[in-house]
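Quick notes on the structure that follows.
For reference, positions follow the sequence shown, starting with 1.
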Amino acid sequence: MPLDGTTDDIETDFEIVEIIGAHVDAMISRLLPGGAIQKTLRRWLTGHAGAPQDDSEATCLMAMAADLELFTPSMSGRTMVDRHVNASRPETPDERQALAALGAAQFRLVRIIGREGPDLVRLKDLVTSESLLVLDSRLCPDAAGEITAMRLCPLASGRHALISPLFAIDEEMLAAAMAFVRPGRGLGGGHRCAANLYRQVARRGFWPLPQSTVEADLDAILDVLAEAEEQLRPVERLAMRWIASVEADADLIDDARRLASVENLVDACGCFAQSGPAAPKGLDAVFEQMAAVQMETIAQRARAGVGDAVGALDRAAAEIAGHIARGSMEVGARDLFDRLKARFAFSSSAGSSGATGSAASADLDRVIQRIQALRAKTVDRGCTEAEAMAAAAKVSEMLDRHDLTLDEISVRRSDCEGVSVSTGRRRRAPVDSCVPAIATFCDCRVWSEEGDNGALRYVFFGMKADVEAARFLHDLIEVTFDHESAAFRRGEIYLALRGGDRRVALNSFQTGLASGVVAKLSSLKAGRQSAGARRTGLDLVAVKHSVLDEEIARLGLNFTTRKVSSRRYVHGEAYAAGKAAGAAFEPNAALG
């Protein structure tokens, strides 16, 4: 029978309410899967502003996510609360009442009628028209007339315990929620209605109900929300910024280009396909535009021969097909991918080198052919250090003559490409310190990558003749190091040593040799650049670098600088021998 409503009766109800709250806390801390609340928040917030900074809104969203996890039925139809209540063994009558009330909890759409004392609030159920009393001391009289939704546990006294967050909804949100009412059966468990309503609150904004201020330490809640935002995939984080903008500005496009990869392209297509009717307006268009920018960038990289872009679209298509086959991605992802691929993957806009004129093109072909002929004379048959430097001088002369045929317009119309050279090594060696000097010598940009087998490789990026020259010089210097290192092993310094000292001496010799090669290339480059500027009146190097910067930005390439430091014992005599060999180079010597 209901209690008579005395103060003692209400105090007993409040004790039961505390027990209900303890069980809810226990379920959240012990039974919820790890990251479940964060996953729900991420799903709600994707495409919207970041984690809320207002304490009351943060508290509400956390409580909504937890409520949804606890009361959503599994495949068997039982909720987490059902399993918890059935597994519990109450030790007191109050705990028995608390578990019974928790198991009978209902999600209700209500209107607040007003207060009926310091601890009671009168509600009207908008679905069943029932009059309800809820135990709550927070709601102010100003809340009368507000519409809201509550998860209420019926107590034996006839009163109800509130176990969900307090928030207001408008008539539009109420109409959407009422669509889940089944004739003659009300809301039932209400989990679908709750899921829809909570998502709308998260996305449209939190409206608080007038209530007394309750101070709470919410740092932990805000930390969880921040963590939820950090767990967003890169394309989701960019989409949150993008949809908040009036239009896609240059920074957003550049960021999308920098994200271009197989993984991010697949994610963008998958997010597009999952943007259903409940998603924010325009979110699907944002993901489509992001996918388009990434695919265009990958296609451009493939044409330029940069990185692993060649074949990247085929790998992305295979991944999307695999996700769809496993049921983890909607078919719309493949439809978008195929539509964009038809637009970008086989685009004929592979450059505009024809605009430079047939004479310039023929000159370029001759330069490349001569560089390749030099390779056959040196790299393919092996060469000494002096021969390598003589070949470098010849390359410098050819590049210099080719540059004389160029002006700023023809440089800006030229195609850029990337050439990858593999070292076959997983660790750096002294010869690698020559790579930046090679790039500078040939007016290229260079970066290192790790191949599929972990081997170190370098990518030279620049004008066609320049990258061909850079590849040739890299291979030439590699062969030269092998030849000169073999000669050093036959020399007096090396033969006079034993064991580990020999390894130190060889490394020291190669370090000195690299220093000599770098010095010679730098000197040769400085003379060539100065002479070219005097003859043409144009700083062609600056123009080339400007073109390379623009092309690298267009390809969305990202670079990180890693400082390489080494503290090793150096064999002074061996290092001096290598340095002396470098100083004795005669770049202008004729080839044998």
Side-chain angles (χ1 to χ4, degrees), residues 42-43 45-50 229-275 279-320 323 329-330 332-347 349-351 416 418 445 447 449 459 461 547-560:
R42 184 180 71 177
R43 187 170 65 249
L45 295 173
T46 296
H48 299 268
E229 184 174 2
E230 290 175 1
Q231 290 179 357
L232 290 174
R233 288 170 291 187
V235 294
E236 291 173 326
R237 285 197 293 270
L238 180 56
M240 291 174 66
R241 291 173 44 211
W242 199 309
I243 202 169
S245 302
V246 177
E247 57 184 14
D249 58 24
D251 290 340
L252 292 172
I253 297 294
D254 289 344
D255 288 344
R257 291 191 187 283
R258 283 189 283 270
L259 282 181
S261 68
V262 170
E263 179 182 3
N264 288 331
L265 176 57
V266 170
D267 282 347
C269 292
C271 289
F272 166 83
Q274 292 169 351
S275 300
K281 183 179 179 180
L283 182 61
D284 56 345
V286 167
F287 281 122
E288 179 173 357
Q289 192 169 358
M290 289 170 58
V293 171
Q294 289 190 67
M295 184 173 285
E296 179 187 20
T297 302
I298 290 173
Q300 290 171 342
R301 290 179 187 175
R303 286 193 293 269
V306 173
D308 59 353
V310 177
L313 294 183
D314 291 337
R315 294 194 297 274
E319 285 197 20
I320 290 175
H323 284 302
M329 190 173 285
E330 301 293 333
R334 181 168 53 205
D335 296 339
L336 173 64
F337 182 87
D338 291 343
R339 186 168 73 251
L340 295 179
K341 187 175 181 181
R343 187 193 312 172
F344 294 119
F346 305 106
S347 171
S349 59
C416 294
R445 295 295 169 83
W447 59 86
E449 296 178 342
V459 177
F461 185 78
V547 171
L548 291 181
D549 288 340
E550 293 172 3
E551 186 67 11
I552 286 173
R554 191 171 71 92
L555 295 180
L557 298 176
N558 297 307
F559 303 108
T560 56

Residues at least two apart in sequence or cross-chain that pass salt bridge (Lys or Arg N to Asp or Glu O under 4.0 Å) with D314, listed by chain then number, are K341
ask   = Donor-acceptor pair, Q294 side chain versus L265 backbone, under 3.5 Å?
value = yes
Rounded to the nearest 0.5 angstrom, the CD-NE2 distance for E319 and H323 is 5.5 Å
Whether N264 side chain and L259 backbone form a donor-acceptor pair below 3.5 Å: yes
So CZ of F337 and CG of L313: to nearest 0.5 Å the spacing works out to 5.0 Å
Minimal heavy-atom distance between A273 and G332, with the atoms involved, is CB-C, 3.7 Å
For A260 and I298 the tightest heavy-atom approach is CB-CG1, 4.1 Å
Note: F287 and A268 closest approach over all heavy atoms is CB-O, 3.8 Å
Mind checking whether E296 and L340 have side chains closer than 4.5 Å, heavy atoms only? no
Only one of V262, L336, V266 passes side chain to side chain contact (heavy atoms under 4.5 Å, CB included) with I320, and that residue is V266
By side chain to side chain donor-acceptor pair (under 3.5 Å), D255 pairs with (sequence neighbours left out) R241, R258
Separation between CG (L252) and CE (M290), nearest 0.5 Å, reads 9.0 Å
Sorted by chain and residue number, the side chain to side chain contact (heavy atoms under 4.5 Å, CB included) partners of A256 (sequence neighbours excluded) come out as L238, W242, V293
Residues at least two apart in sequence or cross-chain that pass side chain to side chain donor-acceptor pair (under 3.5 Å) with E288, listed by chain then number, are R339
Rounded to the nearest 0.5 angstrom, the CG-SG distance for D335 and C269 is 10.0 Å
